Every structure is written in structure tokens, then in C-alpha cells.
Amino acid sequence: MKCHDFQELLQRRLDGEQLDKDWAVREHAAACLDCRSLQQAADSMLDQLRSQSPTMPPLDLTRRILVRVEADQKNRLPRRFRAPARLGRLGRLGTYLALAASVLLAVLAGMYGLPWLRAPAPKQEPQQLVKTEPPPSMEKSVEEARQAVASLADKSTDQMRVLLSVTNPMENVGMAESAPPLEPAASLRQAGQGAAEGLQTVASSTQRAFAYFFREFTQADAGKQKDSRVH
Amino acid sequence: MGPDVSETDAMLVRGALRGNTQAIEALVVRFQSDVFGLCVKLLRHRQDAEDVTQEVFLRIFRSLQRWDSSRPLKPWIMGITVNRCRTWLAQRVRRPELADYLHDTAAGKADDEPVEMVQEIQAAVAELRLEYQTAFVLYHDQGLPYEEIAQALKKPVGTVKTWLHRARMEVMARLQRRGMVEVQHEVP
């Protein structure tokens, strides 16, 4: 047996193994002073370690630990409010930034108001709240749209008539004779046609009005120049 | 016949996770001696060991839900203890305070124990690298088998064996150097 083998067997004995080569160990130790010294050191160490009494904690350590554990558990936030530990420092930073952004958004919303954060509309009368109208039907909606377009065309035409009556009563009369008042169309299609005709009338009337205005303006300007030359 | 150790540990952990104070206290009582003993051996300072023991239990209860119940609880707790001691030692190196391990250790000493030998072994262990030291203390003081030490330190069993063998050799070499071993020159 060599010294290296002896040391291996010595380690196994320190591990608590019962060696079947114990006689070989004894034989080598008897022949090798270094290994014999090592074996005696191992025996002394093992005896000492086995006879060591356990280290006893102080009597009040349990109480101190429990107090700290209880305080720690009270102070800690629920897990759902904390950043996951696996995210690390960067993840926690992101969480705090998100939190700060939320606070900032809430402050801005308070200062400038957001549509969905504005105060609700004043309450209606209780009777109105109770009295709910049935949703409008499709036919009724189409009829309302048709009437709206037709009234828009009528209104435009009327406004142009008023304008022309102010600028040129004769034109207005002529126009009134040539363009009879528009009848409300029977359907949405007719309403669209009516609107187009109305707008065409408005456009031609406007054109005539501007031509008249420029003619009158030019004549008035020429008259003034003539008078100044006479004087 | 009552439940075995791992079953009892699992029951206590479940109770502690539900906030049962009795289960929490039972876990503290069950493991505080092991944790404190390991802290004393690694830190060689009784007051530091008390502080670190409290921190270890704080960490244990904070991360109890991460314990794999298919494995024994003690190596997991010992692993947390070793990590806390390592951190504490690293911080202590930066502080001017020095640990007087020869006078401040808390190892119980019976009157008939050869005090000098105890001190030599403690001094020898204290001179070891932290990995060797940890393996030595977990094996010879805490009585953990290689597999559980490997779990606690998150190292392969072979590595733990190597560390422990080297630790023993260094301790024995010191005992020889210091004349603590009387070598018989003639074997009968």
C-alpha cells in the first residue's frame, strides 16, 4: 500500500465506513511514520469532534426571532404589489417608473380633465328618467334625414332671395317667378336631387349678385371721377 | 407511529405559509440550534451569530414558498445560513472589527475536555477556505450527509467530498505541526 492509498482509506474511515482492509492500513501505518502520525491526528480530531457538545443558542433567541419575523410579515406588502424578484433591479425600476407615470397621468387628468374623467352631466328630472322613448325606427330616421336635407336646401335658397332682394329687387322678382319654391321631396333620393338643385340655384344667384355688385361699384367709381374732373 | 421528519417539516411549512403562529414558532424552535451553531462556527463571534440567525429566519419565512417540498428542509435552511454568513463575513472584512474566535466562540465545553485540542481544531478550521470550512462544519458538526451538503451548497457531491477531504487534511496537518499528536515510534 502506498501513502496515497492510505490517505484514501483514512478518509473513508473518517466518513464512518468500516474498512475491510483495516489490516492493510495498520500494516502501512506501522511501517510509515508520516502516515502513522496522520492516522493519530485523524483519531484525535475525530474523538474531539464526536465529544463536542452542541452549541446552544441563548434562551431568548426564539422570542427575538419571532418578534422580528412577525414585524417583518406585517411590514411587507402583499406579493401582488411588489415587483417580481426575478426581474431584478431593472424590473423593479420599471415597476417604479410605471407607478410614477400612473401618478403623473392622474395629476394631469385632474388639471386638464379627460373626457372619461369629467364630471357627469347634471341629473335629469325624475319624470324624464322614467319616461324613456322607444328607439327610433330605420324608416323614421331616413325620413328625418330627408327632411333635414330638404330644409337645408330651402334655407339656402331663402337666404339668397333675401340677399338678392337687398341688392336687386328686379332680379329677385324675376328669380322668384322663374324658380318656384321647392317642394319637400318624397324620398331621400329626391331630397338629394333637391339639395343639388338648390345649391345650383344658390351658386347662379351668387354669381349674378357679384356681377351686379361689381357693375354698380364700377359705375359709382366712374361717376366720382367724372365729378372730380368737372370740379 | 408519528409522521417522519420530512412529513413533519412539510406540515409545519404549510402551517407557516397559512400564517399559523404556532407552526412558525415550531419551525424556529426546531432549527434555531442548527442555524445558530453553524453561524457560530463560521463567524466565530457569538453576537454576530445571534444577529445572523435572526436574519436567516427572516429570509426563511420570506422565501418559504420557494422551498421544494420533495427535498428535505434542513439542507435548504443550511444553505440560506451559509449564504448569510458568507455575506456577513464579506461585510465584516470591510469593517475594522476583528473576530476573536479563540475567546468568543460559543462551543459548549465540558470540564473534562482537553481545551487546548478544542482550540487547535477551531483555529485550524478557522484558517480553512470558506468552502472547506463550510463542508467540514456541515459534515462534522451538523451531521449532514454528502448529498444534503451538496444540496445546501448547490455543488456536486464530488466537489463536496473533495472540499471535505482537503479540509480534514489541513486540520490534521496543523495538529501535527502544533505538536498535538504524539507519534508512537514503535508499533507493538
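Not measured: the values here are computed from a predicted model.
Side chains of B:Met117 and A:Asp47 form no contact here, defined as non-hydrogen atoms less than 4.5 Å apart. B:Gln176 is not listed as a side-chain neighbour of A:Asp34, based on a closest heavy-atom distance of 4.5 Å or more. Inter-residue side-chain proximity for A:Ser44 and B:Met172 is flagged as unmet; no heavy-atom pair is nearer than 4.5 Å. For the pair B:Gln54 and A:Leu61, the minimum side-chain heavy-atom distance is below 4.5 Å.
Checking side-chain atoms of A:Gln11 against main-chain N and O of B:His165 turns up a donor-acceptor pair under 3.5 Å.
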Determine, stepwise, if the pair A:Glu70 / B:Ile24 fulfils side chain to side chain contact (heavy atoms under 4.5 Å, CB included). CA-CA 10 Å; A:Glu70 190 184 0; B:Ile24 292 172; over 6 Å; no
Salt bridge (Lys or Arg N to Asp or Glu O under 4.0 Å) between A:Arg68 and B:Glu55: does it pass, once the steps are laid out? CA-CA 9 Å; A:Arg68 281 194 67 180; B:Glu55 284 191 16; 5.1 Å; no
Side chain to side chain donor-acceptor pair (under 3.5 Å) assessment of B:Glu25 paired with A:Thr62: CA-CA 8 Å; B:Glu25 185 172 354; A:Thr62 309; over 6 Å; no
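Counting non-hydrogen atoms of neighbouring residues, nucleotides and ligands closer than 6.0 angstrom, the CG atom of A:Leu97 exceeds 12 such neighbours. Applying the 6.0 Å contact sphere to CD of A:Glu17 captures more than 12 heavy atoms from other residues, nucleotides or ligands.
The distance from atom CD of A:Gln48 to atom CD of B:Gln122, rounded to the nearest 0.5 Å, is 9.0 Å. Note that NZ of B:Lys41 and OG1 of A:Thr55 are 4.0 Å apart. Values are rounded to the nearest 0.5 Å. The CG atom of A:Asp15 sits 4.5 Å away from atom CZ of B:Arg168, with the distance rounded to the nearest 0.5 Å.
With respect to chain B, the highest number of heavy-atom pairs below 4.5 Å among A:Asp43, A:Asp72, A:Leu14 belongs to A:Leu14. By number of non-hydrogen pairs under 4.5 angstrom with chain A, the leading residue of B:Leu175, B:Ile121, B:Leu164, B:Ile60 is B:Ile121. Ranked by non-hydrogen atom pairs under 4.5 Å with chain B, the options A:Met45, A:Arg50, A:Gln39 are led by A:Met45. The most heavy-atom pairs under 4.5 Å with chain B, out of A:Ile65, A:Leu46, A:Leu10, come from A:Ile65.
Contact annotation for A:Leu66: only side-chain heavy atoms (C-beta onward) come within less than 4.5 Å of a heavy atom of chain B. In this structure, chain A has no heavy atom under 4.5 Å from any part of B:Phe31. Neither the backbone nor the side chain of B:Asp34 comes within less than 4.5 Å of any heavy atom in chain A.
Among all heavy-atom pairs drawn from B:Phe36 and A:Met56, the shortest one is CE2-O, 3.5 Å.
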